[in-house]
Number of protein chains: 2
Amino acid sequence: MNKVHRSNNLAIRIPLTRERILLAASELADKNGLASVSMRQVAQSLGVEAMSLYKYVSSKDDLLDGLVEIVAFQMDVPALDSGWKEAMLLRSHSERRILNLHPWATSLFESRSGTGPTRLSHQERLIGIIRRAGFSIELGYNLIVAVNSFVYGFVIQEQTWYASPEDRPRAVSQSRPTITNDEYPYVYEMMTFIMAKIGENAEFGSRTEAGYVANFEFGLKLILDGFERTMQKK
Amino acid sequence: MNKVHRSNNLAIRIPLTRERILLAASELADKNGLASVSMRQVAQSLGVEAMSLYKYVSSKDDLLDGLVEIVAFQMDVPALDSGWKEAMLLRSHSERRILNLHPWATSLFESRSGTGPTRLSHQERLIGIIRRAGFSIELGYNLIVAVNSFVYGFVIQEQTWYASPEDRPRAVSQSRPTITNDEYPYVYEMMTFIMAKIGENAEFGSRTEAGYVANFEFGLKLILDGFERTMQKK
DNA sequence: CTTGACAAACTTACGGCGTAAGCTTACAGT
DNA sequence: ACTGTAAGCTTACGCCGTAAGTTTGTCAAG
């Protein structure tokens with residue numbers, strides 16, 4: 001019908017690449033959420049038709065895997081000679097920070113097993129640090145599973161409960177009617193506590209840093225201390 | 001076209017209800033995965049057209065919320081006079097068990113904020129037990145967040161890494177080629193360890209109980225012990 | 001026994017999705 | 001100028017959620 005692409009004869013043709021596609025998809029997800037990342041919309045944002053993407057991306061699944069790698073690439077990796085505790089702390093905080101920067105990525109990190117080179121090399125580094133610190137395979141495995149569980153679980157809760165700052169009023173008003181002091185006194189009490197806490201920190205700092213850091217740090221340190229104790233006992 | 005529904009004059013007309021719809025959706029998800037739960041397929045499994053469901057369910061979102069409630073309803077709730085530690089243990093194990101019985105529900109539990117009556121009343125009970133045990137609001141909040149994070153994070157990892165028993169060979173062969181001893185020695189070592197562990201337990205017991213219980217228990221106890229210590233210090 | 005009202009279930013239609021198959025176009029190397 | 005090749009496009013299929021409007025089955029009132 002409308003052969004718009006003809007006009008590209010004049011403009012410089014920037015060739016499509018896997019990277020350009022992934023970047024466009026990532027920006028789209030940042031702007032409009034993961035649901036808006038369809039082959040058609042990604043293509044449109046690149047001034048191209050949907051099917052053209054399939055030259056560089058074998059399926060939508062492949063595209064999503066690519067997105068995971070892109071986000072994983074932004075996460076910090078502790079130096080090989082770090083102490084195991086500092087390493088786990090640094091990595092965990094970085095994971096939390098990056099996942100909150102790209103909330104749409106959290107569900108992808110969970111649902112994909114993540115055998116891309118970036119995530120694998122990061123794991124390699126972490127396990128290496130732990131093993132060199134004297135952890136047995138079994139205890140090291142327990143450590144990684146526990147910390148990973150905590151970090152991902154925490155981030156999910158954080159993102160579920162209070163979406164983004166602008167959504168917060170809506171989230172509260174949605175739950176408030178059903179959570180009355182009469183019916184659920186304890187939940188109500190805790191809800192009120194949380195709201196106050198959020199309110200305190202609401203004015204300064206993005207939601208990434210708002211109020212949750214302390215709770216994150218608390219749980220994380222508690223887990224790491226527990227493993228330290230277990231190590232010393234042996 | 002084919003007016004099959006006419007034949008219902010003869011058969012006893014079981015009236016559609018919200019419960020029948022949710023149950024059908026749940027069974028469908030158990031059998032063919034969450035992706036197969038579309039309005040059309042749920043309707044078909046009830047011998048009805050898609051649009052008929054909208055009399056009992058306001059949208060697909062509403063249907064998914066209903067599914068969450070159904071699953072939540074199957075989880076155990078500790079008695080009001082339980083000790084806080086036993087309560088958290090019982091609840092956590094029950095959550096893990098039920099979520100592994102309906103793996104498709106895990107992602108729903110995360111992504112929906114869960115202000116349905118079932119989940120709220122369960123929370124109410126748990127917070128109540130914790131507060132009566134002497135936890136301050138803040139420490140109680142930390143406890144719940146930490147344990148919740150761990151439980152959900154653990155279950156996600158468990159489900160992501162080894163899907164179902166029949167998928168396991170595929171999952172392994174998918175990751176094996178990329179995980180070589182040369183490139184990722186530490187990951188390889190741990191992967192081998194995990195495979196052996198799974199192999200041990202593969203013959204007896206469903207995947208719900210296969211190999212992971214020990215690691216779940218380990219991390220969970222470690223967290224609870226940590227909080228116990230914190231309580232005593234104060 | 002007929003009628004009419006009401007609710008339950010159905011039909012049609014729209015715009016969006018992922019992607020299979022095949023086609024057009026632009027350009028590089030001869 | 002000619003041709004091979006690969007980048008990008010077009011068309012089409014069967015799914016999806018759901019808005020709007022229509023038919024059908026049941027049952028109470030006349």
Side-chain angles (χ1 to χ4, degrees), chain A residues 1-25 28-29 31-68 104 107-108 111-112, chain B residues 1-25 28-29 31-68 104 107-108 111-112:
Chain A
M1 196 159 288
N2 188 352
K3 303 214 172 184
V4 180
H5 63 282
R6 278 289 183 110
S7 66
N8 281 343
N9 285 346
L10 302 184
I12 300 133
R13 268 277 191 91
I14 307 166
L16 223 47
T17 64
R18 187 170 222 269
E19 277 62 41
R20 287 222 310 139
I21 292 173
L22 293 180
L23 210 68
L28 228 157
K31 217 182 307 168
N32 306 325
L34 188 58
S36 75
V37 177
S38 71
M39 298 306 275
R40 285 171 167 85
Q41 293 206 51
V42 171
Q44 195 182 45
S45 82
L46 289 163
V48 132
E49 296 300 318
M51 290 311 288
S52 306
L53 304 182
Y54 282 88
K55 281 271 154 184
Y56 307 92
V57 143
S58 69
S59 66
K60 186 175 183 187
D61 238 50
D62 185 29
L63 188 152
L64 294 179
D65 281 339
L67 282 182
V68 168
W104 49 267
S107 65
L108 294 182
S111 57
R112 327 211 134 240
Chain B
M1 198 158 285
N2 187 352
K3 303 215 172 182
V4 180
H5 62 283
R6 279 285 184 112
S7 64
N8 280 344
N9 285 346
L10 303 184
I12 300 131
R13 266 278 190 92
I14 307 164
L16 224 46
T17 63
R18 186 170 225 268
E19 278 62 40
R20 286 221 311 138
I21 291 172
L22 293 181
L23 212 67
L28 227 155
K31 215 181 309 167
N32 306 324
L34 188 58
S36 75
V37 177
S38 71
M39 299 305 275
R40 284 171 169 87
Q41 293 206 51
V42 171
Q44 195 183 45
S45 82
L46 289 163
V48 133
E49 297 299 318
M51 292 310 289
S52 306
L53 304 181
Y54 283 87
K55 280 271 154 183
Y56 307 92
V57 141
S58 69
S59 64
K60 185 174 182 187
D61 239 50
D62 186 28
L63 188 152
L64 294 178
D65 281 339
L67 282 182
V68 168
W104 49 267
S107 65
L108 294 182
S111 58
R112 321 205 141 244

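None of the values given here were measured: they were computed from a predicted structure.
- Contact annotation: the side chain of A:W104 approaches that of A:L67 to within less than 4.5 Å [non-hydrogen atoms, C-beta and beyond].
- With sequence neighbours excluded, no residue satisfies side chain to side chain contact (heavy atoms under 4.5 Å, CB included) with A:Q44.
- Sorted pairs that involve residues 35-58 of chain A and meet salt bridge (charged side-chain N to carboxylate O under 4.0 Å, His left out), not counting sequence neighbours, are lacking altogether.
- Contact detail for B:T17 and B:R20: the closest heavy-atom pair is OG1-N, 3.0 Å.
- Partners of A:R18 under the side chain to side chain donor-acceptor pair (under 3.5 Å) rule, at least two apart in sequence or in another chain, are A:D62.
- What separates NZ of B:K55 from P of D:dG17 is a distance of 20 Å, to the nearest Å.
- Per the geometry, CG belonging to A:L63 stands 14 Å off C1' belonging to C:dT19, to the nearest Å.
- Between its two ends, the helix from C:dC1-D:dG30 to C:dT30-D:dA1 turns its axis by 20°, counting five pairs per end and rounding to 10 degrees.
- One can place CG of A:L16 at 8 Å from P of D:dC9, the figure rounded to the nearest angstrom.
- As rounded to whole Å, 13 Å separates atom C1' of D:dT18 from atom CG of B:D61.
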Using the 3.5 Å cut-off, write out each protein N or O paired with an N or O of nucleotides 13-16 of chain D and the distance between them.
from, atom 1, to, atom 2, distance (Å)
D:dC16, OP1, B:S38, OG, 2.7
D:dC16, OP1, B:Q41, NE2, 3.4

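- The distance from the CG atom of A:L46 to the OG atom of A:S52 is 10.0 Å, given to the nearest 0.5 Å.
- When distances are taken from the side chain of B:S59 to each of D:dT18, D:dC9, D:dG8, the shortest belongs to D:dT18.
- The phosphate of C:dC10 (OP1 or OP2) has a side-chain N or O of B:S52 nearer than 4.0 angstrom.
- Rounded to whole Å, atom P of D:dG8 lies 9 Å from atom CZ of A:R20.
- Between the C1' atom of C:dC17 and the CD atom of A:Q44 lies a distance of 14 Å, rounded to the nearest Å.
- Of all nucleotides listed (D:dA20, D:dA7, C:dA9), D:dA7 comes nearest to the side chain of A:Y56.
- Between B:E49 atom CD and D:dA20 atom C1' the separation is 16 Å, expressed in whole Å.
- A:Q41 pairs by the side chain to side chain contact (heavy atoms under 4.5 Å, CB included) definition with A:L28, A:S36, A:S38, not counting sequence neighbours.
- When the options A:L16, A:L63, A:L22 are evaluated for a side-chain contact (heavy atoms from CB on, under 4.5 Å) with A:Y56, the one that passes is A:L16.
- For the pair A:Y54 OH and D:dG8 P, the computed distance is 16 Å after rounding to whole Å.
- When all heavy atoms of A:M39 and A:L53 are compared, the closest pair comes out as O-CD1, 3.4 Å.
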